Amino acid sequence: MKFFAGVVVTVLVGLAIGGFIFATGRYNVAANAPPDFTDKLAPWVLEKAIKRRAKEVTDPVSKDPNAVALGLSHYRENCLPCHGAPGVDAAEFQEGMNPTPPEIDAPPVQQASDAELFWVIKNGIRMTGMPGFGVNRKDEEIRHIVAFVRHVPQLTDAERQALKTGAGLEEHHHDGEAGQEAHSHGAESPAASPAPAASASPHHHH
């Protein structure tokens with residue numbers, strides 16, 4: 001009984017100290033702050049949360065034969081600045097992020113399941129800088145990114161060059177913008193669709 005009471009008192013004292021630190025603004029929220037208890041606790045909480053929610057994902061990776069090319073284009077536009085790629089540096093601002101975004105070929109990413117990758121890309125992770133692309137991207141477009149992430153360990157020289165320079169990749173537009181763009185410039189063919197389906201073009205926007 002005394003042991004249990006001691007545990008309760010310890011927890012209450014810890015909560016009181018934590019509350020005082022947070023409530024008085026003494027907690028250092030700077031990105032360049034030295035690691036503390038939250039840096040040790042957060043990865044464990046994150047892993048458990050993602051695994052639980054990823055169970056709801058039933059179709060995480062695109063089966064489109066052009067999925068890797070589509071995903072590469074999406075990845076270069078939205079993900080490369082933070083996560084880089086083998087042989088392709090991330091943007092300089094990534095060095096100032098806390099937590100540091102994992103490299104796309106790092107074990108924490110490549111050892112995640114397809115469902116976990118899909119869930120993270122779609123929903124993001126708050127307080128990390130990882131956005132949730134589900135707010136303006138279709139599920140199939142997110143599946144393209146998952147397909148590309150899975151392909152990263154087999155990245156070719158041509159794909160690496162495309163990531164660096166955008167060579168061979170067209171500028172992307174949202175569906176509505178793509179339709180307006182095609183209308184303003186005229187379609188090459190009367191039968192051409194102003195917004196082709198993702199499976200018909202390797203350059204369909206997220």
Side-chain angles (χ1 to χ4, degrees), residues 41-88 90-91 94 97 99-156 158-160 162-163 166 168-178 193 195-206:
L41 180 63
W44 178 76
V45 174
L46 179 63
E47 178 185 1
K48 298 297 182 183
I50 292 174
K51 285 186 179 298
R52 180 183 181 90
R53 287 161 177 78
K55 293 177 181 178
E56 304 168 2
V57 179
T58 58
D59 188 19
V61 60
S62 176
K63 299 174 180 63
D64 187 327
N66 293 323
V68 170
L70 288 160
L72 184 153
S73 187
H74 301 333
Y75 182 87
R76 181 179 187 272
E77 182 180 358
N78 298 286
C79 315
L80 186 67
C82 288
H83 296 285
V88 186
Q94 180 257 25
M97 296 181 69
T100 302
E103 296 179 353
I104 204 62
D105 57 337
V109 177
Q110 291 298 329
Q111 292 176 5
S113 70
D114 292 343
E116 290 168 353
L117 289 176
F118 179 93
W119 190 90
V120 169
I121 295 168
K122 180 173 181 176
N123 297 283
I125 303 172
R126 63 179 179 172
M127 294 184 287
T128 66
M130 175 65 195
F133 289 102
V135 299
N136 51 23
R137 299 293 183 264
K138 298 175 181 177
D139 282 1
E140 182 62 9
E141 293 167 334
I142 295 172
R143 294 183 189 107
H144 294 156
I145 298 176
V146 175
F148 174 73
V149 171
R150 283 295 176 234
H151 173 75
V152 162
Q154 292 82 42
L155 203 65
T156 67
E159 291 167 339
R160 192 173 291 107
L163 286 170
L169 302 178
E170 296 178 1
E171 185 178 354
H172 296 123
H173 301 278
H174 290 291
D175 288 345
E177 294 172 347
S193 170
S199 60
S201 169
H203 310 301
H204 187 63
H205 191 286
H206 289 281

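What's counted below: heavy atoms across the whole structure, side chains too, no hydrogens, waters or symmetry copies. If you're wondering where the values come from, they're calculated on a predicted model, not measured in any experiment.
A search for side-chain contact (heavy atoms from CB on, under 4.5 Å) contacts involving Val120 returns Ile50, Ile125, Met130, not counting sequence neighbours. Here Asn123 pairs with Trp119 under the side-chain contact (heavy atoms from CB on, under 4.5 Å) rule; sequence neighbours left out. Here Phe148 pairs with Tyr75 under the ring pair (Phe, Tyr, Trp, His ring centres under 6.0 Å) rule; sequence neighbours left out. Applying the side-chain hydrogen bond (donor to acceptor under 3.5 Å, both in side chains) test to Lys55 and every residue at least two apart in sequence or in another chain returns nothing. Shown here are the side-chain hydrogen bond (donor to acceptor under 3.5 Å, both in side chains) partners of Thr156, two or more places apart in sequence or in another chain: Glu159.
Closest heavy-atom contact between Ala147 and Val68: O-CG2, 4.1 Å. Nearest heavy atom pair, residue Ala162 against residue Leu72, reads CB-CD2, 4.1 Å. Between Ala115 and Ala54 the shortest heavy-atom distance is CB-O, 3.6 Å. The two residues Asp114 and Arg150 make their nearest non-hydrogen contact at OD1-NE, 2.5 Å. Taking each heavy atom of Gly129 and Met97 in turn, the nearest pair found is CA-CE, 4.2 Å. Here the closest non-hydrogen pair linking Lys122 and Asp139 is NZ-OD1, 3.0 Å.
Remark: Lys138 does not engage Glu141 in a salt bridge, criterion side-chain N to carboxylate O under 4.0 Å.
Note that NZ of Lys51 is 8.0 Å distant from NZ of Lys48, once rounded to the nearest 0.5 Å. Note: Leu163 CG to Cys79 SG = 10.5 Å, rounded to the nearest 0.5 Å. To the nearest 0.5 Å, the span separating CG on Leu80 from CD on Gln94 amounts to 10.5 Å. Rounded to the nearest 0.5 angstrom, Ile142 CD1 and Ser62 OG are separated by 12.0 Å. Atom-to-atom distance recorded for Ile121:CD1 and His144:NE2 is 12.0 Å, nearest 0.5 angstrom.
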Tell me which donor-acceptor pairs under 3.5 Å the side chains of residues 99-110 have, and how far apart each pair is, sequence neighbours excluded?
{"from": "Gln110", "atom 1": "NE2", "to": "Ile104", "atom 2": "O", "distance (Å)": "3.0"}
{"from": "Gln110", "atom 1": "NE2", "to": "Val149", "atom 2": "O", "distance (Å)": "3.0"}

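Side chain of Arg143 to backbone of Asp59: a donor-acceptor contact under 3.5 angstrom is found.
Here the side chains of Pro86 and Val152 are in contact, with some heavy-atom distance below 4.5 Å.
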Give the C-alpha distance, both sets of side-chain angles, the deciding distance and a yes or no for side chain to side chain contact (heavy atoms under 4.5 Å, CB included) between Val61 and Phe118. CA-CA 8 Å; Val61 60; Phe118 179 93; over 6 Å; no

Please walk me through it: do Val88 and Arg76 pass side chain to side chain contact (heavy atoms under 4.5 Å, CB included)? CA-CA 10 Å; Val88 186; Arg76 181 179 187 272; over 6 Å; no

